[in-house]
K.L.:
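The structure's right below; bear with me while I get my questions together.
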Amino acid sequence: MRVLTTGGAGYIGSHTVLALVEAGHEPVILDNFDNSSPEAVRRVSELAGREIELIEADLLDAAAVDRIMAQGNFDAVIHFAGLKAVGESVAQPLKYYRTNLVSTMNLLDAMQAHGVRTLVFSSSATVYGTAGVSVCTEDVSLGTTNPYGATKLFIEQILDDVAVSDPSWHIAKLRYFNPVGAHSSGRIGEDPRDIPNNLMPYVSQVAVGRREKLSVFGGDYPTADGTGVRDFIHVVDLAAGHVAALEALPAHPGARAWNLGTGEGNSVLEVVRAFERASGREIPYEIVDRRPGDVAELVADPSRARLELHWKAERGLEDVARDGWRWQSQNPLGYPDEDTEESA
Ligand code: NAD
Ligand code: WQD
């Protein structure tokens, strides 16, 4: 399939573009490089063994999106593009609502106008933020505690309504748990622009010496070691989940949600220990207050994806730490800046 991949230069998108090529599909990246680097696209091309088509555009530009869709001859769209920092979304809600909602509306309008009816959307376990259960099936009650999460909930609702209005749509709402790790080559990985908000990039930057120590947010949760428990899914498994969803969608008209997680929980301290083993370095940490809005434990029930998408995660925490460390140690400052960049 020829697949328009919005946000395809980003962390999850770049790994998925590679998985699409490896599965015999033809991805086309659309990105404005707001939170990514053209170097990621060059490296994906290098790993794929062929040039990946790239369109530099902003999804907020409705006319450009319409033109791209009219000319692209796409069979499907995978929609990763958007803003994703929870804390920033509390500080700048309008930026988040505008970017995430208007981008998606422009994309849906263009798909509707030009007869593209297959969509895979990046949702998030953040939609289970108020469910009050630690292991989530897709059917638990949805709710969220921040504007970023609200954009995911609203978009899911919009997708449901669009699918009801026209039965020719096939839409996958993929709810990712905690994506981590990197491609085993060490060539592509997560490259946060500022101080990382998420656990895994912070731990790897401490290991590589970019940050002094990790603050562990809460040591008194009702979990085995008192620290938060999450379902950490290797980004290469997550990428494979998108290929599985794309290939299963013809059998699933309408809009349907699937959890992409491992079904296993690991604590913050287990992540620290795994990274210490992988890097051979000590990771200094200090237990501090809980972070507002965090829950003790959030783990996927991934049974629906196993049954209906024929997909399951193959990699565990040791693989995550090994591959995450390879990426971080080979690229201590992330992708090189445009002007200092090595030739790929
Ligand atoms: P990312 O920031 O690495 O990738 C997003 C990409 O979208 C970037 O390349 C960015 O430049 C691009 N982009 C942003 N706004 C754009 C616009 N207006 N027009 C064109 N391109 C634009 O993020 P990621 O971690 O790869 O996440 C991808 C998707 O998955 C996002 O929708 C995110 O909300 C969702 N998600 C991420 C996580 C996570 O922890 N990483 C968890 C659950 C869901
Ligand atoms: C994991 C655990 C923290 C940083 C977020 C979003 C969610 C989804 C995935 C996009 C928690 C602890 C963290 C640190 C720590 N993203 N922690 N010190 O909060 O589960 O999920 O990313 O959709 O929407 O909310 O991930 O990596 O931030 O935290 O102790 O410096 O690590 O308290 O227990 P989270 P995370």
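Read the numbers this way: they start at 1 and go in the same order the structure lists the ligands and their atoms. Heavy-atom basis, side chains included; hydrogens, waters and symmetry copies ignored.
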K.L.:
Side chain or backbone, does Leu59 bring an N or O within less than 3.5 Å of an N or O on ligand 1?
P.N.:
yes
K.L.:
Nearest non-hydrogen contact with atom 17 (C) of ligand 1 belongs to which option: Val180, Asn32, Ile12?
P.N.:
Asn32
K.L.:
Mark up the atoms of ligand 1 that fall under 4.0 Å of a heavy atom belonging to Tyr148, in ascending order.
P.N.:
33 (C), 34 (O), 35 (C), 36 (N), 44 (C)
K.L.:
Would you mind checking which non-hydrogen protein atom is closest to atom 15 (C) of ligand 2, with the distance to 0.1 Å?
P.N.:
Phe217 CD1, 3.4 Å
K.L.:
Checking side-chain hydrogen bond (donor to acceptor under 3.5 Å, both in side chains) between Asp323 and each of His183, His234, Gln328, which is the one that passes?
P.N.:
His234
K.L.:
Could you tell me whether ligand 1 has any atom less than 4.0 Å away from a heavy atom of Asp58?
P.N.:
yes
K.L.:
What atoms of ligand 2 come within less than 4.0 Å of a heavy atom belonging to Gly228?
P.N.:
34 (O)
K.L.:
Among Tyr176, Tyr285, Phe177, whose heavy atom sits nearest atom 9 (C) of ligand 2?
P.N.:
Phe177
K.L.:
Quick check: Gly10 and ligand 1, any N/O pair under 3.5 Å apart?
P.N.:
yes
K.L.:
Salt bridge between Glu88 and Lys95, side-chain N to carboxylate O under 4.0 Å?
P.N.:
yes
K.L.:
Quick one: nearest non-hydrogen protein atom to atom 20 (O) of ligand 2, plus distance?
P.N.:
Arg230 NE, 2.6 Å
K.L.:
Around atom 22 (O) of ligand 2, find the nearest protein heavy atom and jot down its residue, atom name and distance.
P.N.:
Asn198 ND2, 3.2 Å
K.L.:
If the test is side-chain contact (heavy atoms from CB on, under 4.5 Å), which one of Val77, Leu4, Leu107 qualifies with Leu30?
P.N.:
Leu4
K.L.:
Without hydrogens or angle criteria, can the side chains of Glu138 and Trp258 be said to hold a donor-acceptor pair below 3.5 Å?
P.N.:
no
K.L.:
Return yes or no for this condition: an N or O of Ser123 is under 3.5 Å from an N or O of ligand 1.
P.N.:
no
K.L.:
For ligand 2, indicate whether the residue Tyr148 contacts it via side chain, backbone, both or neither (heavy-atom separation under 4.0 Å).
P.N.:
side chain
K.L.:
Taking non-hydrogen atoms only, is Lys152 closer than 4.0 angstrom to ligand 1 via side chain, backbone, both or neither?
P.N.:
side chain
K.L.:
If we set the cut-off at 4.0 Å for heavy atoms, which region of Phe33 has an atom near ligand 1: side chain, backbone, both, or neither?
P.N.:
backbone
K.L.:
Pick whichever of Arg291, Glu297, Arg211, Met200 has a heavy atom sitting closest to atom 28 (O) of ligand 2.
P.N.:
Arg291
K.L.:
Starting from atom 3 (C) of ligand 2, which protein heavy atom do you reach first, and at what distance in Å?
P.N.:
Asp294 OD2, 3.4 Å
K.L.:
Just to confirm my output: which protein heavy-atom neighbour is closest to atom 7 (C) of ligand 2, and how far is it?
P.N.:
Ser124 OG, 4.1 Å
K.L.:
Tyr176 to ligand 1: N or O pair under 3.5 Å?
P.N.:
no
K.L.:
Give the atoms of ligand 1, by number and element, whose distance to some non-hydrogen atom of Ser122 is under 4.0 Å.
P.N.:
29 (C), 30 (O), 32 (O), 35 (C)
K.L.:
Quick one: look at Ala57 and ligand 1, take heavy-atom pairs under 4.0 Å, and tell me if it's side chain, backbone, both or neither.
P.N.:
backbone
K.L.:
Please could you name the atoms of ligand 1 that Ala81 approaches to less than 4.0 Å, counting only its heavy atoms?
P.N.:
7 (O), 13 (N), 21 (N), 22 (C)
K.L.:
For Lys84, is the nearest heavy atom under 4.0 Å from an atom of ligand 2?
P.N.:
no
K.L.:
Would you mind checking which non-hydrogen protein atom is closest to atom 2 (C) of ligand 2, with the distance to 0.1 Å?
P.N.:
Val268 CG2, 3.9 Å
K.L.:
Heavy-atom distances under 4.0 Å decide this one: backbone, side chain, both or neither, for Asn178 against ligand 2?
P.N.:
side chain
K.L.:
Record the part of Pro196 in heavy-atom contact with ligand 2 below 4.0 Å; permitted values are side chain, backbone, both and neither.
P.N.:
neither
K.L.:
Starting from atom 18 (N) of ligand 2, which protein heavy atom do you reach first, and at what distance in Å?
P.N.:
Ser215 O, 2.7 Å
K.L.:
Can you find a non-hydrogen atom of Tyr221 under 4.0 Å from ligand 2?
P.N.:
no
K.L.:
Taking heavy atoms and a distance under 4.0 Å, where does Val86 meet ligand 2: side chain, backbone, both or neither?
P.N.:
side chain
K.L.:
What is the nearest protein non-hydrogen atom to atom 24 (O) of ligand 2, stated with its residue, atom name and distance?
P.N.:
Thr126 CB, 3.2 Å
K.L.:
May I ask you to identify, for Leu214, whether its side chain, its backbone, both or neither come under 4.0 Å of ligand 2 on a heavy-atom basis?
P.N.:
side chain
K.L.:
Can you tell me which portion of Ser103 lies within the under-4.0 Å heavy-atom range of ligand 1? Options are side chain, backbone, both, or neither.
P.N.:
side chain
K.L.:
Return yes or no for this condition: an N or O of Asp31 is under 3.5 Å from an N or O of ligand 1.
P.N.:
yes
K.L.:
Could you tell me if Arg306 and Asn259 have a donor-acceptor pair between their side chains, going purely by distance under 3.5 Å?
P.N.:
no
K.L.:
Identify, by atom number and element, the atoms of ligand 1 in contact range of Ser36, meaning under 4.0 Å from any of its heavy atoms.
P.N.:
8 (C), 9 (O), 11 (O)
K.L.:
With heavy atoms under 4.0 Å as the rule, classify the contact between Leu199 and ligand 2 as side chain, backbone, both or neither.
P.N.:
both
K.L.:
Pairs of nitrogen or oxygen atoms closer than 3.5 Å, one from Pro179 and one from ligand 1: do any exist?
P.N.:
no
